[in-house]
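Only one structure is covered here, and it is reproduced in the block below.
Chain letters run A, B, ... following the sequence lines, proteins first, then strands; residues in each count from 1.
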Amino acid sequence: MTAPRIALIGNPNAGKSTLFNALTGGTARTGNYAGTTVDRHVGQLTIDGTAMEVLDVPGTWSLAARSPEERIAIDIAVGLGQHEPPALLVVVLDAPRVMRSLYVTLQLLDLKVPVVCALNLADEARQDGVMPDVDALAHALGVPVIATVARTGEGLQALRDAIGKALRDPASVTPGAVHDWTPALVADADALVPHLPARLRAVATDPARARALALWMLLSVDDDDALPDADVPTAEIARIRAAAKAARRDLQGEIIGHRYAWIDARANQFVPVGGPRGAPLADKIDRVLLHPLWGSLAFLAVMGLVFTSLFSWSDPLIGLIEALFARIGGLVAGGFEVAVASAPLGGVTAILGDLVVNGIIGGVGSVLVFIPQIGLLFFFLALLEDSGYLARAAQLMDRILRLAGLPGRAFVPLISGYACAVPAIMATRTMPRARDRLLTMAVLPLTSCSARLPVYGLMIGALYPALIPGTSIPARPVALFGMYVMSTFVTLLAALVLGRLVVPDVAAPDLIELPPYRLPHWQTVGRMVYARVADFVREAGGTILKATVVLWFLLSFPRYTPEQVLPPDVIAQAQVDGTDLTSAARGAAIERSFAGRIGHVVEPAIRPLGFDWRIGVGLVGAFAAREVFVSTMGVVYGLGDDVDDSSATLRDRLRGERTSDGQPRYTPLVATSLMVFFAFAFQCLSTLAVLRREAGGWRWAGFIVAYMTVLAWTASFAVYQGGLLLGFK
Amino acid sequence: MTFNGGAVTLDQLENGKAGNIASVAGEGPFRRRLLELGLVPGTLVERIGQAPFGDPLTFRVRRAVLCLRRAEAALVQLATAPAAV
């Protein structure tokens, strides 16, 4: 027998996830619901020796079908599609705002599945003087109600006992008729029942459940819902709706109003009369944090802190990881050198050593180097989410981001994208709607991440004049600033366009609830940071490692000795002078490597952008991370890979390069075209690995790569060819 | 002076003022979502603030704080006299 499954379900902000963590301890596994990008959390719980699985259902206000999140809630509640019928629903009620939790509770009770209610946040309700009457609720709902405080563990034992008892005797917690529908609604429901899709009929064993499912379809299924079931009786639903309309009836108002009438009629039984209208403490804080001026300043300060942490605080940690891996690589390389000298198969050992040092150790390093930023971002995100501020930040930014068709919640991921797209894409998980997540992910790689900075630095530093010609305005800072402005503008523009064309919004008010302020729960914060970092290493780490090895292979093979790639007279001269030819030989070898051949092959495609094959090789290297472009160019020009964007030798070399007709090869126009290309092109394999993971497959990731490649090529083409036409060089 | 400062729809309600819902206009998912959130006729709604740039607006309904965009709030008609709360 498989372990029974229980599902935690309820409003957002009712402390459902904290309750889930408290019940399941550290056993939770996170994944996605099949075919969606909705987070799926499953954990283990053992009560009286019986092991069970606990599923944390996405928070929902009602059982509608407008979004995958809401859709999953009803599928789980009745066991549709991929979901097993749950042995028990644990409905989490928001004690301080219980009158609003009751709507979805009634919807669930109507489905006649076994239910136990957890009245969570009881401490907050008591503090505000609005603690509901547990017995009155249990009596009216006809199912057990347990007061809980998930953070402190209060009531958890009683909840476990109630769950254990409910599983032993499900009939005792299967709700009866909580309320009676009006005769008119009963007639509507009964008219639809025979037309219910087969999969709904299969679970509608109880006539009352069949009626509830029919009313759910009449109320909650819209013509433009993307339901996976092809057999929704659209015609019959439309007929019943039209008949009701013709009779001047308001079906929505009747069904929803009926439930709220039941709730409101019992308000005085359930909650103490005369409690405060709001949450007194939250109101005081909100007077500052939602104030148009002070609130905006506080918001800028908080976001500044988050951004600084990603951009600057993570630096020493990243440096430490890089130094550590360089040191390990150096030690291992030393070991291999000894082996090469003594082993009969020195050549093979040398290649193996190169693979281990530059491919594998370097690859592992390039995975782990993301951990400081991911950890820091999720530390702040968990803190902001858990304290209740994230929803307020979303509300403050809503008006501005809506101009780009994005919700206010997209702000934190977008600002994080300026540091690095990898943690930023993972941060889209704080956005409740899948459509918004996909759209934000699609434009995030366009934000000007910190890895582009060395490329901009090299191009502007080497090829731009110090002053804008004819003025005394410094050209370089202006150019750099311009790149950031352009990146921001194009990111928002892309969101607007893709939001219209690719992921059209479903018509539903995008509602933000402002939860009360709460002290962050450190265990929840810690668990979130750990879960995200572990998730990244496990799910994206392998892809990044493999990609690094492939890139190492492309840039290092076939292998050549200096004698094979350098003219004999150069070698003879070097032997006389004692010159070290290692860098020169590497530069000559990389032209003949696979990456060099790719550079030559793509040259016709990038020539209209002003790039030659050398830049093509640099672009191959840039797939590992954009800043690798700089060191790859260093290798191509025989300067070795120990160069950075402020390296005078590399800058001089780029400036001094001449084409066969004696013209400078790299001009300010080429630099501009290249920077535009880097601004828009999808070049980062780590981002690709994370996108594939977060967007739930290669299709969406592939689309993003494709549109960005087209955008980058077109924009660079326009800049370079337009610049030539205008007479720039 | 009328109970809610003369506001006819929720978006016209002044900061700090409250009104009772008379009806919710619109149709389809928009209207259903507003009703399901408890914005049913007879419910007391208090406006408590607004975001910078004047949108969205912040309301207190059933002890919870909700942000509604002006366009959405305009769908909610207010009663001209207070109902029993």
In sequence, state the C-alpha distance, the side-chain angles, and the governing distance for B:Leu37 and A:Glu513, and then conclude on side chain to side chain contact (heavy atoms under 4.5 Å, CB included). CA-CA 10 Å; B:Leu37 283 166; A:Glu513 186 194 43; over 6 Å; no

Please classify the contact between B:Val24 and chain A as side chain, backbone, both or neither, with a heavy-atom cut-off of under 4.5 Å. neither

Walk me through it: do B:Arg62 and A:Tyr260 pass the test side chain to side chain contact (heavy atoms under 4.5 Å, CB included)? CA-CA 12 Å; B:Arg62 296 173 184 269; A:Tyr260 268 108; 3.5 Å; yes

To the nearest 0.5 Å, what is the distance between OG (B:Ser23) and CG (A:Asp250)? 9.5 Å

Whether B:Arg32 side chain and A:Gln252 backbone form a donor-acceptor pair below 3.5 Å: no

If you round to the nearest 0.5 Å, how far is CZ of B:Arg70 from CZ of A:Arg399? 9.5 Å

Checking A:Val104 against chain B: side chain, backbone, both or neither under 4.5 Å from a heavy atom? neither

Audit row: A:Met99, B:Thr43, side chain to side chain contact (heavy atoms under 4.5 Å, CB included) steps and yes/no: CA-CA 12 Å; A:Met99 300 307 283; B:Thr43 307; over 6 Å; no

By a 4.5 Å heavy-atom criterion (distance strictly below it), what part of B:Gln50 contacts chain A: side chain, backbone, both, or neither? backbone

All heavy atoms of A:Asp264 vs all of B:Val40, minimum pair found to be OD2-CG2, 4.5 Å

So, taking the atom named CD1 in B:Ile48 and the one named CG in A:Asp286, what distance separates them when rounded to the nearest 0.5 Å? 6.5 Å

Which value, rounded to the nearest 0.5 Å, describes the distance between A:Gln395 atom CD and B:Arg69 atom CZ? 11.0 Å

Between A:Asn11 and chain B, which part of the residue has a heavy atom less than 4.5 Å away: side chain, backbone, both or neither? neither

Give, as side chain, backbone, both or neither, the part of A:Pro96 having an atom under 4.5 angstrom from any heavy atom of chain B. both

Less than 4.5 Å to any heavy atom of chain B: does that hold for the side chain of A:Ile400, its backbone, both, or neither? side chain

Out of curiosity, B:Arg60 CZ to A:Asp283 CG, how far, rounded to the nearest 0.5 Å? 4.0 Å

Apply side chain to side chain contact (heavy atoms under 4.5 Å, CB included) to the pair B:Arg63 and A:Asp128, showing each step before the final yes or no. CA-CA 11 Å; B:Arg63 294 201 78 246; A:Asp128 291 354; 3.5 Å; yes

Contacting region of A:Arg402 [heavy-atom separation from chain B under 4.5 Å]: side chain

Mind checking the CH2-CD spacing from A:Trp61 to B:Glu36? Nearest 0.5 Å is all I need. 12.0 Å

